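Notes for the one structure printed next.
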There are 2 protein chains.
Amino acid sequence: MELILVTPLAAVLGIAFAILTARKVLKFPVGTELMAKISSAIKKGARAYLKRQYTITAIFFACMFVILIALSLCQLITPFVPFAFVTGGFFSALSGYVGMRIATAANARTANACSKNLNSGLRIAFSAGSVMGFTVVSLGLLDISIWYFLLTYAFHLPPEEVAAAMLTFGMGASCMALFARVGGGIFTKAADVGADLVGKVEAGIPEDDPRNPAVIADNVGDNVGDVAGMGADLYESYVGSIISACALGVSAFAGIPQVTGVSAMSVPMIMAAIGVVASIIGTFFVRTKENTSQKTLLAALRRGTTVSSIIMLLAAFPLIWFILGKEYIGIYGCVAFGLVAGVLIGYSTEYFTSDSYKPTRKLASSSQTGSATIIIGGLSLGMISTIAPVVIIGIAILASYFVAGGAANPGLGLYGIAIAAVGMLSTLGITLATDAYGPVADNAGGIAEMAGMDKIVRERTDALDSLGNTTAATGKGFAIGSAALTALALIASYVQTAQTKGAILSLDLMNPPVLVGLLIGAALPFVFAALTNQSVSKAAQSIVIEVRRQFKEIPGVMTGETEPDYATCVDLCTRSALRQMILPTVIAIAAPIIIGLCLGPNGVVGMLAGATATGFLLAVFMSNAGGAWDNAKKHIEGGQFGGKGSDNHKAAVVGDTVGDPLKDTSGPSINILIKLLSMVSIVFSSLIIAFHLL
Amino acid sequence: MELILVTPLAAVLGIAFAILTARKVLKFPVGTELMAKISSAIKKGARAYLKRQYTITAIFFACMFVILIALSLCQLITPFVPFAFVTGGFFSALSGYVGMRIATAANARTANACSKNLNSGLRIAFSAGSVMGFTVVSLGLLDISIWYFLLTYAFHLPPEEVAAAMLTFGMGASCMALFARVGGGIFTKAADVGADLVGKVEAGIPEDDPRNPAVIADNVGDNVGDVAGMGADLYESYVGSIISACALGVSAFAGIPQVTGVSAMSVPMIMAAIGVVASIIGTFFVRTKENTSQKTLLAALRRGTTVSSIIMLLAAFPLIWFILGKEYIGIYGCVAFGLVAGVLIGYSTEYFTSDSYKPTRKLASSSQTGSATIIIGGLSLGMISTIAPVVIIGIAILASYFVAGGAANPGLGLYGIAIAAVGMLSTLGITLATDAYGPVADNAGGIAEMAGMDKIVRERTDALDSLGNTTAATGKGFAIGSAALTALALIASYVQTAQTKGAILSLDLMNPPVLVGLLIGAALPFVFAALTNQSVSKAAQSIVIEVRRQFKEIPGVMTGETEPDYATCVDLCTRSALRQMILPTVIAIAAPIIIGLCLGPNGVVGMLAGATATGFLLAVFMSNAGGAWDNAKKHIEGGQFGGKGSDNHKAAVVGDTVGDPLKDTSGPSINILIKLLSMVSIVFSSLIIAFHLL
């Protein structure tokens with residue numbers, strides 16, 4: 001009891017830190033009246049979108065609540081599930097909302113600070129990122145703590161039931177995250193692609209030009225997609241990894257009297273709490289002298305995450321020794337494996353997508369034979385880049401499993417894998433801060449352009465933005481790696497849940513339902529990605545038509561004399577995004593239930609394994625291909641292979657446009673999908689065990 | 001003994017039919033002197049390529065032979081393996097070679113006949129396809145028969161050892177098939193893409209224009225890729241399905257005294273023999289009246305395959321009743337499921353890729369917003385199209401398994417799955433004929449263009465070609481479906497082989513080596529596809545540079561006064577293709593051995609399952625996306641959305657160019673890859689069981 005109290009305390013500490021940081025950000029001046037006006041237009045658009053998104057999501061949550069209540073009345077789930085489901089969704093949504101608020105408040109301020117120097121701009125953008133990072137982790141720990149204490153002390157449930165109930169609020173968080181990622185992702189990419197296709201390619205005006213009617217929508221998109229979507233997404237990852245570790249811990253130590261279920265659960269929870277403190281300390285190391293170079297800035301950011309990771313690694317050892325005892329100190333190795341694997345995947349992402357390395361440079365050079373070859377090149381690059389993360393995660397899984405003692409007790413091995421995921425995400429507070437400041441810098445650049453600020457300001461925001469791309473690569477490594485590990489932990493949790501409920505499983509690969517489940521599960525991420533890509537395409541096409549219409553019908557837009565009708569584009573994006581986000585999410589929830597009812601619990605496990613395997617690969621493929629196309633284009637814009645405006649550049653723009661929905665809509669959504677499938681399977685396990693064909 | 005003799009008899013019958021048909025083709029006149037000259041240039045190029053391909057392959061086979069001899073001296077494999085390996089490769093290569101010879105002989109003759117009418121052209125092209133189809137199946141049955149009778153009667157091996165030894169010559173066939181598909185695929189697509197990028201896009205001259213220096217290379221490519229590659233490929237599929245069914249049959253009936261191992265093996269072998277006869281009968285139904293419409297022609301082709309399938313379905317019932325007895329008549333259901341599944345996958349392929357249906361039409365319309373949207377649209381279309389074949393195959397697997405009696409005896413269920421694959425491929429003689437005539441028609445069109453024949457001739461060859469695309473969709477359905485079923489049967493064979501050799505397997509999905517094997521295996525098709533795509537890109541870029549050089553440096557090429565230097569382009573393609581085909585094949589052979597040595601036999605099974613799942617999906621994704629882009633382009637060329645030369649058409653050409661390597665190089669190669677992985681695992685199973693880390 002006493003020790004686990006550090007978890008809610010860390011949550012409160014994190015929230016306090018976020019509030020203080022937010023206040024600091026708000027103290028900075030917004031800049032000129034025009035900047036304030038633009039920023040306010042962006043904020044208004046983002047708020048309007050999120051309000052409508054939450055309204056629709058609320059209807060969905062209400063329907064699900066009723067279904068879950070019905071299931072609980074049939075005693076197919078415990079009565080806590082419907083409520084846990086709702087709180088998970090609520091906190092996930094709140095994480096995204098807070099992120100959006102601070103990001104829209106910081107964008108103009110960052111632009112304004114950049115007119116002073118690069119370092120001031122970085123400080124505001126990074127602070128805004130920190131607010132988001134610490135909000136996500138604190139709300140996550142708060143939600144976990146509330147349920148833990150409520151179930152343990154108010155309802156006096158034993159640890160195994162506490163863990164089982166907590167697993168289910170992950171489903172709420174995952175649903176919300178998927179809505180936010182898919183909806184936000186469609187919005188942002190439809191606006192971006194639409195704006196580029198007409199503005200850059202057809203009309204030949206630069207990015208973020210105020211004459212482009214979709215420019216405000218594009219900037220709103222950054223906030224609802226890259227910020228609010230990412231917040232909801234990582235809330236889900238963070239919480240998912242902790243609760244799956246709790247569940248696996250309780251059952252791993254079930255037959256071991258020296259370690260209680262409470263102890264097993266407290267390890268991931270306290271690790272996360274330590275991670276919050278370590279991250280706060282880390283932020284103080286992100287400081288540089290005035291007027292410094294971009295390289296020093298990157299070093300400063302890296303210093304912050306490195307310090308946090310080292311603190312984490314130092315503190316985890318005594319923690320595990322003290323709580324689990326020295327026989328189980330092997331589990332400490334998992335924490336280290338998780339952190340190292342995350343960093344290595346980040347490096348591989350950077351290698352394949354940064355124009356400092358060969359793959360992206362070669363991709364840029366293939367623009368010389370036209371857009372077809374750069375597309376083939378990017379697809380190939382993305383596909384081949386899957387091997388590195390797959391091998392890294394494979395080694396991390398095996399190492400964590402065996403070092404945790406899986407050879408003697410498989411349950412311990414699975415717990416070890418889950419702990420590796422927690423280790424990877426424990427310092428999320430600061431890794432997310434270095435990741436989330438990117439969209440703020442991006443927006444700041446947009447405002448600088450639209451407000452007609454000095455050229456140097458745009459250069460500085462671009463420098464910040466490109467720095468953000470590098471740190472985002474590491475962030476992606478953690479997001480993808482943790483998704484794979486957490487998904488595996490959740491599959492293991494499903495297996496245990498099903499067995500607890502009396503299912504006799506035969507998970508042999510040669511068992512036909514397992515095999516067929518595997519095949520169909522493997523197809524789900526393909527179908528899902530296709531749907532989200534198509535949604536972006538559809539929405540972007542409507543933007544293209546609208547922008548073309550405005551250029552043609554509203555006189556003076558192209559000459560800059562008349563202000564284009566920004567609001568219509570924002571509204572179009574909002575409506576398309578909200579309409580299109582429903583189907584993919586519904587499929588993600590319906591698929592495991594339908595497959596389960598047909599193929600039974602064995603088929604469900606096959607499906608989850610298949611979906612995790614291809615989901616992981618497709619996510620890496622799509623985000624790396626997209627990232628490489630983006631940077632190949634930037635490489636050319638930097639003056640290589642003919643530079644801006646050349647035919648090669650046009651070919652590269654096609655590549656970038658194709659990559660946009662892959663890397664920012666479909667790719668990140670798949671990370672959520674693979675976990676949501678497991679969560680849904682867990683929640684509906686009794687139903688499926690009671691009724692199934694095979 | 002007596003009954004199984006029909007198998008070599010059918011092989012002889014098939015060869016006789018192929019020879020007679022070939023003679024019939026050769027009796028037709030070649031046409032003008034110019035046509036003969038062009039045809040001879042194509043033939044010379046194709047022969048030169050294949051000669052060099054076979055030389056390199058022979059070196060590879062010699063090395064593998066030595067390695068296998070060494071392994072057999074260490075008693076890690078039986079002494080028949082090295083020899084079986086070589087014969088498999090030899091017959092696969094021979095199938096491709098014969099196909100190339102007849103196709104290059106028929107191309108000018110088809111063009112010449114088309115100057116008379118459509119029906120005459122069809123008859124020659126279809127006859128050439130038949131020669132290839134019956135060569136493939138006859139050589140396959142011959143190889144199987146030789147080994148069956150040799151091992152049974154000369155070496156007096158018991159059925160289980162006969163079956164095990166026969167499994168290994170599949171590896172030879174698969175290796176050869178992979179070389180032929182990858183090498184031929186790189187050649188054909190490099191020439192095609194290279195010719196299009198400079199000729200069509202940059203210089204604005206039509207397809208197959210004699211001024212294009214890459215035009216002969218392009219036509220050579222059709223013969224070495226689409227014909228010789230396809231022949232080697234389907235030889236491998238055909239033989240693979242039969243031998244895996246033999247192996248699973250022997251072990252399924254091991255404990256059942258009423259059915260001997262010989263009987264179990266004779267079912268797939270005799271089914272295949274009946275299939276040859278049924279196919280020959282079917283070809284006689286492919287006839288139409290003179291001057292008929294394209295729709296009637298399609299009906300004529302379909303009539304042939306339908307008649308063959310019905311004969312097959314009628315004959316299989318008494319066969320299984322007589323050989324296995326009425327208790328096992330359920331296995332008859334598998335034959336039907338296999339055939340039906342093949343047809344259904346063919347329909348789904350047609351639905352997603354033909355411009356008679358909504359998906360491809362929508363894709364064509366997305367060209368209006370540029371090449372980026374048509375690329376995103378095609379990728380999405382390909383991804384979403386995976387769900388249909390996956391569900392069809394999933395149902396076929398479950399239905400075959402349970403109807404064969406898998407619930408009581410899992411071995412029988414697996415045998416049923418293998419029989420479904422044999423059923424699907426039993427009428428390969430005629431389905432391949434309707435598939436292989438496409439490239440002949442394509443070549444005929446090229447010759448008509450280059451020889452400056454009447455416009456109506458080109459129109460007729462185009463009609464034949466487009467008809468070929470429709471029937472090819474069905475062919476692809478059978479190829480993809482049978483690959484998935486055969487791959488599963490081979491995995492089951494591997495499991496049995498490993499268990500026979502004393503490995504104690506734990507294939508539970510929660511066993512970490514299985515899980516990690518699954519993840520890494522799932523990545524293999526991605527890596528493989530990336531390598532083959534990159535190879536095409538590289539080779540195409542060298543063609544682009546060469547064609548540009550010739551246009552610039554050789555005066556009179558663009559005006560048609562001087563003949564371009566065709567031979568250099570052929571030579572460039574040859575060298576690139578041969579250089580690039582090595583690495584992917586070596587990876588396919590090395591991967592299972594390396595993974596096996598690290599993760600052990602459990603990891604191997606995981607890897608095979610993972611590779612089969614993603615391989616199947618990627619193959620469908622790539623071939624459907626490529627097919628849809630191709631037909632969307634043709635749809636626009638047919639006058640929709642601005643027609644030829646419009647911006648929309650240019651966007652569609654980009655899509656088609658991206659799709660080319662996906663659908664004709666990487667996609668079909670993956671079908672071979674997933675089987676080769678299993679074959680290699682089987683051959684090296686003793687080595688891996690003896691030495692492995694986990």
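Order of the sequence lines sets the chain letters (A, B, ...), proteins ahead of strands, with each chain counted from 1. This structure is a prediction, so every number in the text was calculated from the model and none was measured. Heavy-atom basis, side chains included; hydrogens, waters and symmetry copies ignored.
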Taking the side chain as every heavy atom from C-beta outward, state whether B/L531 and A/M383 have any atom pair closer than 4.5 Å. no
Please lay out, stage by stage, how A/D196 and A/V653 fare under the test side-chain contact (heavy atoms from CB on, under 4.5 Å). CA-CA 9 Å; A/D196 283 2; A/V653 168; 5.6 Å; no
For side-chain contact (heavy atoms from CB on, under 4.5 Å), just list the numbers for A/L379 and A/F621, CA-CA rounded to whole Å, side-chain angles, deciding distance to a tenth of an Å, and then say yes or no. CA-CA 8 Å; A/L379 292 175; A/F621 159 55; 3.8 Å; yes
In terms of heavy-atom pairs under 4.5 Å, which option from A/V658, A/I395, A/T657 contacts chain B the most? A/V658
Interface check, chain A: of B/L599, B/L398, B/I387, most non-hydrogen pairs under 4.5 Å belong to B/L398
Smallest heavy-atom separation, A/C334 atom then A/S400 atom, equals SG-O, 3.5 Å
If one checks every heavy atom of A/I384 against chain B at 4.5 Å, the contacting part turns out to be both
Gap between atom CZ of A/F526 and atom OG1 of A/T614 - 0.5 Å precision: 6.0 Å
Please check if the side chain of A/W629 supplies one atom and the backbone of A/L363 the other of a donor-acceptor pair under 3.5 Å. no
At a 4.5 Å cut-off on heavy atoms, which part of A/I417 comes close to chain B: side chain, backbone, both, or neither? neither
What part of B/I393 gets within 4.5 angstrom of chain A, counting heavy atoms only: side chain, backbone, both, or neither? side chain
Considering all heavy atoms, the nearest B/C598-B/L693 contact: O-CB, 3.2 Å
Could you have a look at B/N533, B/D656, B/V620, B/V198 and say which one has the most heavy-atom pairs with chain A under 4.5 angstrom? B/N533
Which one of B/V654, B/D508, B/V527 has the most heavy-atom pairs closer than 4.5 Å to chain A? B/D508
Heavy-atom closest pair (B/A404 atom, B/G416 atom, distance to 0.1 Å) is CB-CA, 3.8 Å
Check whether any side-chain heavy atom of B/L197 sits under 4.5 Å from a side-chain heavy atom of B/Q541, and report yes or no. no
Can you name the closest pair of heavy atoms from B/S385 and B/N624 and give their distance? OG-ND2, 2.9 Å
So, the part of A/F528 with a heavy atom under 4.5 Å from chain B: the answer is neither
Might you point out which heavy atoms bring A/P525 and A/I670 nearest each other, and give the distance in Å? O-CD1, 3.9 Å
Contact residues of residues 515-524 of chain A (partner chain B; heavy-atom separation under 4.5 angstrom): A/L515, A/V516, A/L518, A/L519, A/I520, A/A522, A/A523
Flag, side chain of A/S365 to backbone of A/K362, donor-acceptor distance under 3.5 Å: yes
Does a donor on one side chain and an acceptor on the other come within less than 3.5 Å for A/T373 and A/S366? no
Any idea which heavy atoms bring A/A407 and A/Y401 closest together, and the distance? N-CE2, 4.2 Å
Which of B/P512, B/A372, B/A613 touches chain A most, by non-hydrogen pairs under 4.5 Å: B/P512
How long is the gap from OG1 on A/T665 to CE on A/M622, to the nearest 0.5 Å? 9.5 Å
So, taking the atom named NZ in B/K633 and the one named CD1 in B/I374, what distance separates them when rounded to the nearest 0.5 Å? 11.0 Å
Which atoms of A/L694 come close to chain B, meaning under 4.5 Å heavy atom to heavy atom: side chain ones, backbone ones, both, or neither? side chain
For A/V544, is it the side chain, the backbone, both or neither that has a heavy atom under 4.5 Å from a heavy atom of chain B? side chain
B/Q534 versus A/S380, side-chain donor and acceptor atoms under 3.5 Å: no
Within residues 603-611 of chain B, contacts to chain A at heavy-atom distances under 4.5 Å involve B/V605, B/G606, B/A609
Counting heavy-atom pairs under 4.5 angstrom with chain B, the leader among A/L662, A/T386, A/L414 is A/T386
If one checks every heavy atom of B/V514 against chain A at 4.5 Å, the contacting part turns out to be side chain
Heavy-atom contact with chain B under 4.5 Å, split by part of A/P661: side chain
Under 4.5 Å between any side-chain heavy atoms of A/V536 and B/I376, yes or no? no
Given a strict heavy-atom distance threshold of 4.5 Å, which part of A/L505 is in contact with chain B: side chain, backbone, both, or neither? neither
Applying a strict 4.5 Å limit to non-hydrogen atoms, the region of A/L509 in contact with chain B is both
Turns out that what part of A/V193 lies under 4.5 Å from chain B's heavy atoms comes down to neither
